[in-house]
Amino acid sequence: MAEGIAKQSEDYSRWYTDVVLKAELADYSPVKGSMVIRPYGYGLWENMRDKLDQRFKETGHVNAYFPMLIPESFMHKEAEHVEGFSPELAVVTHGGGKKLEEPLVLRPTSETIIWDMYRKWIQSHRDLPILINQWANVIRWEMRTRLFLRTTEFLWQEGHTAHATAEEAEEETRRMLDVYVDFAETEMAVPVIKGIKTEREKFAGAVRTYCIESLMGDKKALQAGTSHDLGQNFAKAFDVTYQSETGQREFVWATSWGVSTRLVGALVMAHGDDDGIIMPPRLAPIQTVIVPIYKKDDERTATVAEAHRVGKILKDAGIRAHVDDRDNFKPGWKYAEWELKGVPLRLEIGPKDLEKKSVFSARRDIREKMGFPVDGIVDAVNDRLETIQKALFDKAVQFRADNTHRVEDWNQFKDVLENKGGFLYAHWDGSTETEEAIQEETKATIRAIPLDDDFEDGVCVFSGKPSKRRVLFAKAY
RNA sequence: CGGGGCGUAGCGCAGUCCGGUAGCGUACUUGUCUGGGGGACAAGUGGUCGUAGGUUCAAAUCCUAUCGCCCCGACCA
């Protein structure tokens with residue numbers, strides 16, 4: 001269909017790269033593993049950022065900014081944290097032409113520098129809680145990179161909160177996980193599974209890591225967000241204490257939570273088809289594109305004018321509309337381009353529409369075409385956009401349901417994983433050895449111990465040992 | 001770091017085996033016709049062939065070195 005794009009069914013990974021490049025979401029930068037986010041991709045990220053930021057503010061958080069350079073020694077203060085991040089640190093050894101006395105690391109995440117500051121800011125229970133979020137870039141020296149999904153530098157938000165009690169911290173961790181669920185499902189139209197990470201998969205330095213997992217179009221899982229209960233690990237490593245109401249000196253309880261530009265990749269892979277991206281209307285940088293149709297010059301003048309007039313009506317009503325009045329492309333070419341870019345709704349205005357005072361519309365997701373009167377167009381477009389938003393979510397839910405399997409024994413596990421893919425619910429004995437053995441043999445990992453799953457006695461699909469619940473397995477990004 | 005591929009016009013590629021002074025598609029510019037699903041014709045613009053050195057009368061092509069990127073595997077949001 002679309003020119004120069006691999007088919008999903010033939011080479012999904014190629015399809016993804018083609019779409020990201022051709023839709024101008026991003027481009028490769030001169031440095032291996034890093035990328036430029038182009039205006040259209042950045043516009044999408046800005047919309048995501050705004051919707052998230054709004055939710056963070058609503059839950060009582062404030063934004064701040066901590067620096068990118070961190071003394072190397074900070075990274076060594078929390079044992080698990082060092083171990084987890086050491087292999088992927090980028091280190092600055094020189095500045096101003098001189099070798100530095102102490103190397104500086106480029107933040108892979110900001111727990112250490114933030115908790116170093118929190119030590120100064122926290123003395124009393126009256127200083128708590130601290131609910132800070134920051135929007136920032138981070139650097140992780142990854143071996144294998146992919147546009148948006150895993151790059152050396154990426155943009156994200158990281159929330160870092162400090163609390164007086166373990167209960168409060170745990171409550172915060174869960175609250176923000178739910179914020180992510182709501183964001184993913186409401187704005188991105190991507191359904192997610194809430195769960196807890198296994199000991200092996202949890203964040204380096206956390207007591208417990210919660211996550212949301214989503215299913216991509218190639219039936220592989222993608223972690224879309226994480227929320228960590230850090231316990232007192234960082235408070236102890238950085239000696240952050242407060243005096244309680246009863247005068248006791250106590251260590252502070254911590255959380256951190258984040259989502260990144262990886263979500264852009266998730267959105268592309270959750271909804272896209274062979275013709276390109278399909279943007280959920282609530283996040284689409286352009287919600288509707290208006291294409292004037294004409295033959296002669298007088299028609300051109302009239303339809304372009306009408307397109308701009310309608311565009312202004314829509315924009316004034318808060319709809320992100322764009323008039324494509326370029327004269328060097330034919331309508332058919334424009335249709336293909338905007339479909340590649342995933343604009344949810346296309347409006348065409350030609351001579352016939354001028355006569356009838358109507359516009360012709362085409363939905364990106366199901367290709368449905370219909371005309372409607374210009375009179376009342378704001379309501380009509382809003383109605384279409386809402387319908388598309390819902391349809392995308394429903395379709396994704398159905399896709400996930402079709403690709404979620406309960407498996408009972410090892411042969412079935414391997415068979416389903418190999419031949420069907422998707423999410424596998426299976427019993428697991430709870431041991432890291434089993435988890436690793438399963439990955440070794442099948443490449444599948446435990447994505448999450450689901451929060452909503454019903455408990456049920458059974459035996460581990462691999463070891464045959466007793467198990468009290470199923471966990472979620474999948475091949476993952 | 002192991003395996004594979006590739007650096008030639010903005011983009012995609014041929015030419016390299018077998019040295020002879022650079023070509024195709026597309027994009028771009030101009031014009032005419034076209035325009036409701038990726039148009040046609042015509043005339044044009046555009047390249048230190050990744051970089052450095054060597055062999056040769058002559059190097060995109062042969063030799064040596066070097067840099068970089070992509071894909072596949074081991075780590076990860």
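Note: hydrogens, waters and symmetry copies are ignored here, and every other heavy atom, side chains too, is used. Residue numbering restarts at 1 for every chain, and letters A, B, ... go by the order of the sequence lines.
Side-chain atoms of Pro331(A) lie closest to rG36(B) of the nucleotides rA74(B), rG38(B), rG36(B). Looking at the side chain of Glu88(A), the nearest of the listed nucleotides rG35(B), rC75(B), rG37(B) is rC75(B). Of the candidate nucleotides rA77(B), rG38(B), rG36(B), rA77(B) has the atom lying nearest to any side-chain atom of Phe154(A). Comparing atom distances between the Lys443(A) side chain and each of rG73(B), rA77(B), rG36(B) picks out rG73(B) as nearest. Taking every side-chain heavy atom of Lys330(A) into account, rG35(B) is the closest of rA77(B), rG37(B), rG35(B).
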For Arg367(A) and Asp273(A), run salt bridge (Lys or Arg N to Asp or Glu O under 4.0 Å): C-alpha distance rounded to whole Å, both residues' side-chain angles, the deciding distance at 0.1 Å, then the answer.
CA-CA 12 Å; Arg367(A) 320 271 161 174; Asp273(A) 64 18; 3.3 Å; yes
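Taking atom P on both nucleotides, rC6(B) is separated from rG12(B) by 15 Å, rounded to a whole Å. Here, rC24(B) and rA42(B) have their P atoms 14 Å apart, quoted to the whole Å. Between the C1' atoms of rG50(B) and rU8(B), the separation comes to 10 Å (whole Å). Separation of the P atoms belonging to rG37(B) and rA77(B) is 48 Å when rounded to the nearest angstrom. When the C1' atom is compared between rA60(B) and rA22(B), the two are found 8 Å apart, to the nearest whole Å. Distance noted for atom P between rC63(B) and rU56(B): 16 Å (whole Å). Comparing rU48(B) with rG38(B), their P atoms sit 37 Å apart, to the nearest whole Å. Atom name P, nucleotides rU55(B) and rA74(B): the rounded distance is 47 Å, in whole Å.
Applying the side-chain hydrogen bond (donor to acceptor under 3.5 Å, both in side chains) criterion to Tyr294(A), with sequence neighbours excluded, gives Asp327(A). Glu46(A) is linked by a side-chain hydrogen bond (donor to acceptor under 3.5 Å, both in side chains) to nothing, counting only residues two or more places apart in sequence or in another chain. Taking the side-chain contact (heavy atoms from CB on, under 4.5 Å) definition, one finds that Asp365(A) meets it with Ile278(A), Arg363(A), Ile388(A), Ala391(A), Leu392(A), sequence neighbours left out. Take Glu72(A) and apply the side-chain hydrogen bond (donor to acceptor under 3.5 Å, both in side chains) test, not counting sequence neighbours, and it matches no residue. The side-chain hydrogen bond (donor to acceptor under 3.5 Å, both in side chains) test applied to Thr59(A) returns His61(A), not counting sequence neighbours.
Between Arg55(A) and Glu58(A) there is no salt bridge, since no side-chain nitrogen of the basic residue lies less than 4.0 Å from a carboxylate oxygen of the acidic one. The existence of a salt bridge linking Asp178(A) and Arg174(A) is excluded, since no basic side-chain nitrogen approaches an acidic carboxylate oxygen closer than 4.0 Å. Salt bridge annotation for Lys7(A)-Asp275(A): absent, with no cationic side-chain nitrogen under 4.0 angstrom from a carboxylate oxygen. Salt bridge absent: Glu337(A) and Lys334(A) never bring a charged side-chain N and a carboxylate O closer than 4.0 Å. Taking 4.0 Å as the cut-off between side-chain N and carboxylate O, Arg384(A) and Glu368(A) count as a salt-bridged pair.
With RNA chain B read from its 5' end, the first of the two nearest nucleotides for Val359(A) and Gln439(A) is the one closest to Val359(A).
Within the structure, ring-ring contact (aromatic ring centres under 6.0 Å, His included) contacts touching residues 349-378 of chain A (residues at least two apart or in different chains) do not occur. Annotation: ring-ring contact (aromatic ring centres under 6.0 Å, His included) contacts involving residues 174-197 of chain A, sequence neighbours excluded, are absent.
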All N/O contacts under 3.5 Å from nucleotides 67-69 of chain B to the protein, with atom names and distances to one decimal?
residue : atom : partner  : partner atom : Å
rC69(B) : OP1  : Lys32(A) : N            : 2.6

Atom pairs, protein N/O to nucleotides 27-31 of chain B N/O, distance under 3.5 Å:
none

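Rounded to whole Å, atom C1' of rA74(B) lies 13 Å from atom CD of Glu142(A). Protein atom CD of Glu201(A) is 8 Å distant from nucleotide atom P of rA77(B), rounded to whole Å. For Ile5(A) and rG38(B), the CD1 to C1' distance is 12 Å, given to the nearest whole Å. Nucleotide rA77(B) holds its C1' atom 6 Å from the CD atom of Gln223(A), rounded to whole Å. Atom NZ of Lys334(A) is separated from atom P of rG39(B) by 12 Å (rounded to the nearest Å). Distance, Arg146(A) CZ to rC70(B) C1': 12 Å, rounded to whole Å. Distance, Asp353(A) CG to rG36(B) C1': 9 Å, rounded to whole Å. Atom CE in Met176(A) sits roughly 19 Å away from atom P in rA77(B) (whole-Å rounding).
Pair assignment for rU32(B) gives rA40(B), based on Watson-Crick or G-U wobble hydrogen-bonding distances that are each under 3.5 Å. Pair assignment for rG7(B): rC67(B), on the basis of Watson-Crick or G-U wobble contacts that are both within less than 3.5 Å. Remark: rA60(B) base-pairs with no nucleotide in the shown strands. Criterion, Watson-Crick or G-U wobble with two distances under 3.5 Å.
Using a 30° and 60° split on the angle between ring planes, Tyr118(A) and Trp115(A) fall in the perpendicular class, above 60°. The aromatic rings of Phe154(A) and Trp156(A) stand perpendicular to each other, their planes meeting at an angle above 60°, with 30° marking the opposite boundary.
RNA chain B lies under 4.0 Å from at least one heavy atom of each of the following residues of residues 258-271 of chain A: Ser260(A), Arg262(A). Contacts with RNA chain B (heavy atom under 4.0 Å) in residues 287-311 of chain A: Ile293(A), Tyr294(A), Lys295(A), listed by number.
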Please list every donor-acceptor pair under 3.5 Å in which a side-chain atom of residues 208-215 of chain A meets a protein atom from a residue at least two apart or in another chain.
residue   : atom : partner   : partner atom : Å
Arg208(A) : NE   : Tyr210(A) : OH           : 3.2
Arg208(A) : NH2  : Glu170(A) : OE1          : 2.8
Thr209(A) : OG1  : Phe203(A) : N            : 2.9
Thr209(A) : OG1  : His228(A) : ND1          : 2.8
Tyr210(A) : OH   : Glu170(A) : OE2          : 2.3
Glu213(A) : OE1  : Arg447(A) : NE           : 3.2
Glu213(A) : OE2  : Lys197(A) : NZ           : 2.8
Ser214(A) : OG   : Leu222(A) : O            : 3.1

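No engagement by Ser34(A) is indicated, since no non-hydrogen atom pair under 4.0 Å with the nucleic acid exists. Residue Leu149(A) is classed as a base contact, given a heavy-atom separation below 4.0 Å to a base.
At a cut-off of 3.5 angstrom, the base of rG37(B) holds at least one donor-acceptor pair with the side chain of Arg346(A).
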